[in-house]
Amino acid sequence: MTKDGIKDVVEALKSPLEDGKSFIPVERSNTTFLFLVGQDDHNWKSEFYANEASKRLQAHEKEKPQIICYPEVGHYIEPPTGPCAGLAIMSWLLAYQPIIAKLSLTQESMQRNPVTLRASLRDEKGVLFRAHARYRADAGGELDLARAPALGGSFAGLEPMGLIWAMEPDKPYWRLLKRDVQTPFVVELEVLDGHEPDCGRLLARALHERHFMRPGVRRVPVREGRVRATLFLPPGPGPFPGIIDIYGVGGGLLEYRASLLAGHDFATLALAFYGFEDLPKDCSDIHLDYFEEAVCYMLQHPQVKGPGIGLLGISLGADICLSMASFLKNVSATVSINGSGSSGNTTIHYKQISIPPLGLDLRRIKVTFSGILDIVDIRNDFGVESENPSMIPIERAQGPILFIAGQDDHNWRSDLNVQMASEWLQAHGKKKHQIILYPGTGHYIEPPYFPLCPASTHNLLNKVVLWGGEPRAHSKAQVDAWKQILSFFCQHLGGTHKSVSPKL
């Protein structure tokens, strides 16, 4: 039985050699034999039986048969009227690495023919994500995704990773998340004759795995004091620069960004802060002493290099990181992805200090044509002319801050938020921090090639809300933002990654 629950019957057949009566008496034939054998045949041991037939023939002074063995070939070897194309693709890559895929049409009559490529994967909840694109092979029957533009489908143009980032869920308003980083996403790629919707037969099929842990990365569950987290350690003895990674109002413990960062030689702590095990059930109150305990845990770890650590957060997680940088010691660098710079709808506590909620006005909710809520304007305004008690005092931060914002973020106006944060810092005599704005980019800026989630259920409102973003622009922003994050942390925490200039 395989790990997928499929029966493997390769050993089930009783050997005809045990009694000698079950073997077909091939030696009685006067014909010449050609045996074609798949060396990965799991119906029975085809290669073994072909060799035994050859021995039997030669023992009876018959002509030695020709045996052709095909490695990695299974039981059903079909004629060329079935699959007549070769699809070459790396069997596995890390999730942020681009696919290299090439198609060869083996029949001359198929060359220059239109073909459709389809990609699909299922997440851990069983939801199917799919994308397709129409192509045409060149005169030699070759199709290289790195050079051939898509003619239409889920996307168009030269987009080698389009079949991944353009995926859409069959279940409406569903966000692709990786919940178990120890297993890959398995992408099925299919090549069909013709262009959708009038596709013909299947020409080729291949599986491609997208992994979230580089070989050698160690995953260590952390239950230290109040801290509930998972630490990912890079291969090697260390010590390594340390990062704490925090997500937003979804709660729970998401590990996939931390596991990928560990592949770039950062000891990364994926930190939960509510909705996980014995942590609070909601995020109405944020107590920074919990996060301070996580910082101490990291700095005391023998494989984490001090004297400070980096912080990475998105949405509410970004505002928590900005609060940590403002109040806690030993924070060397902070990355804020689509943060607000305020307490939002929570109260932030540190010792005797409390930052009150900024507050919401639900009357400002707009409803789109499709019935999705647009909440971009529901938060109360705050400006830089006077000190608003709900603003995070980022002027107190000792280390540099990288602000990343999507200009089509509909959770709140992230681009305006970071501009006000910059003005606030300059008004307090602080040097201008780095700001990168991405046009056409929504709220959930993920690691490279994650499909855009334009709308999904908001955990606090329990309604489907608009997150914003345009698929192509959002995907390009994710690729560039990942490079900027790595470069920023290497520059300020220590590392070997080269600095890069924003592409957008």
Side-chain angles (χ1 to χ4, degrees), residues 95 119-133 150 152-157 159 161-179 185 187 247-251 254 256-257 314-318 337-340 364-379 404-417 436-482 504:
S120 62
L121 68 82
R122 287 190 184 275
D123 68 7
E124 286 105 331
K125 297 290 187 179
V127 176
L128 184 65
F129 285 75
R130 294 189 287 189
H132 75 278
S154 302
F155 59 94
E159 297 290 345
M161 289 297 293
L163 289 169
I164 304 297
W165 62 251
M167 282 186 172
E168 295 182 354
D170 280 0
K171 183 175 181 178
Y173 313 126
W174 190 259
R175 179 183 172 196
L176 182 64
L177 294 173
K178 192 71 183 78
R179 293 172 171 85
F185 277 141
V187 181
Y247 274 83
V249 297
L254 293 176
Y256 57 91
R257 192 166 58 194
I314 184 171
S315 192
L316 174 58
I337 303 174
N338 282 336
S340 72
R364 292 202 286 262
I365 292 178
K366 293 174 282 189
V367 182
T368 68
F369 179 78
S370 56
I372 300 172
L373 302 186
D374 189 345
I375 62 173
V376 69
D377 291 319
I378 67 172
R379 285 160 184 80
I404 292 174
Q407 292 184 294
D408 193 37
D409 184 357
H410 279 254
N411 184 62
W412 45 46
R413 297 191 184 276
S414 291
D415 53 347
L416 296 181
N417 292 339
I436 304 176
L437 302 177
Y438 292 106
T441 302
H443 188 62
Y444 286 119
I445 299 178
E446 299 275 28
Y449 312 121
F450 265 71
L452 167 69
C453 177
S456 67
T457 301
H458 194 292
N459 275 33
L460 301 183
L461 298 175
N462 200 29
K463 300 283 186 180
V464 175
V465 303
L466 186 67
W467 302 120
E470 183 277 318
R472 186 192 304 270
H474 192 94
S475 176
K476 292 185 182 302
Q478 289 184 158
V479 172
D480 189 70
W482 186 251
L504 304 176

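As the structure is a computational prediction, the values presented were derived from the model and not from experiment.
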What are the two closest non-hydrogen atoms of [X] and [Y], and how far apart are they?
{"X": "Ser154", "Y": "Ala131", "value": "OG-CA, 3.5 Å"}
{"X": "Pro439", "Y": "Leu437", "value": "CD-O, 3.7 Å"}
{"X": "Gly339", "Y": "Ser414", "value": "O-OG, 4.1 Å"}
{"X": "Leu163", "Y": "Phe155", "value": "N-CE2, 3.5 Å"}
{"X": "Ala481", "Y": "Ile445", "value": "CB-CG2, 4.2 Å"}
{"X": "Arg379", "Y": "Arg364", "value": "O-NH2, 3.1 Å"}

Heavy-atom side-chain proximity of [X] to [Y] below 4.5 angstrom:
{"X": "Thr457", "Y": "Val464", "value": "yes"}
{"X": "Phe129", "Y": "Phe185", "value": "no"}
{"X": "Val187", "Y": "Met167", "value": "yes"}
{"X": "Trp165", "Y": "Gln478", "value": "no"}
{"X": "Arg175", "Y": "Trp467", "value": "no"}
{"X": "Asn338", "Y": "Asn411", "value": "no"}

If you round to the nearest 0.5 Å, how far is [atom2] of [Y] from [atom1] of [X]?
{"X": "Gln407", "Y": "Asp415", "atom1": "CD", "atom2": "CG", "value": "5.5 Å"}
{"X": "Ile372", "Y": "Leu466", "atom1": "CD1", "atom2": "CG", "value": "6.0 Å"}
{"X": "Tyr444", "Y": "Ser315", "atom1": "OH", "atom2": "OG", "value": "6.0 Å"}
{"X": "Lys366", "Y": "Ile375", "atom1": "NZ", "atom2": "CD1", "value": "11.5 Å"}
{"X": "Arg257", "Y": "Tyr247", "atom1": "CZ", "atom2": "OH", "value": "4.0 Å"}
{"X": "Arg413", "Y": "Asp409", "atom1": "CZ", "atom2": "CG", "value": "10.0 Å"}

Any sub-3.5 Å donor-acceptor pair from [X]'s side-chain atoms to [Y]'s backbone N or O?
{"X": "Asp408", "Y": "Gly440", "value": "no"}
{"X": "His410", "Y": "Asp374", "value": "no"}
{"X": "Ser475", "Y": "Ala473", "value": "no"}

Is it true that Tyr256 and Phe450 have ring centroids separated by less than 6.0 Å?
->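 For Tyr256 and Phe450, the ring centres are under 6.0 Å apart.
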
Side-chain ion pair, Lys476 and Glu470, N-O less than 4.0 Å = no

Hey, is CD on Glu168 packed in by over 12 heavy atoms from elsewhere, all under 6.0 Å?
->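 Not buried by this count: 12 neighbours or fewer within 6.0 Å.
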
Answer yes or no: are there more than 12 heavy-atom neighbours, outside Arg130 itself, under 6.0 Å from its atom CZ?
-> no

side-chain contact (heavy atoms from CB on, under 4.5 Å) partner of Glu446, the single match among Leu177, Leu176, Leu452 |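 Per the side-chain contact (heavy atoms from CB on, under 4.5 Å) rule, the option paired with Glu446 is Leu177, out of Leu177, Leu176, Leu452.
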
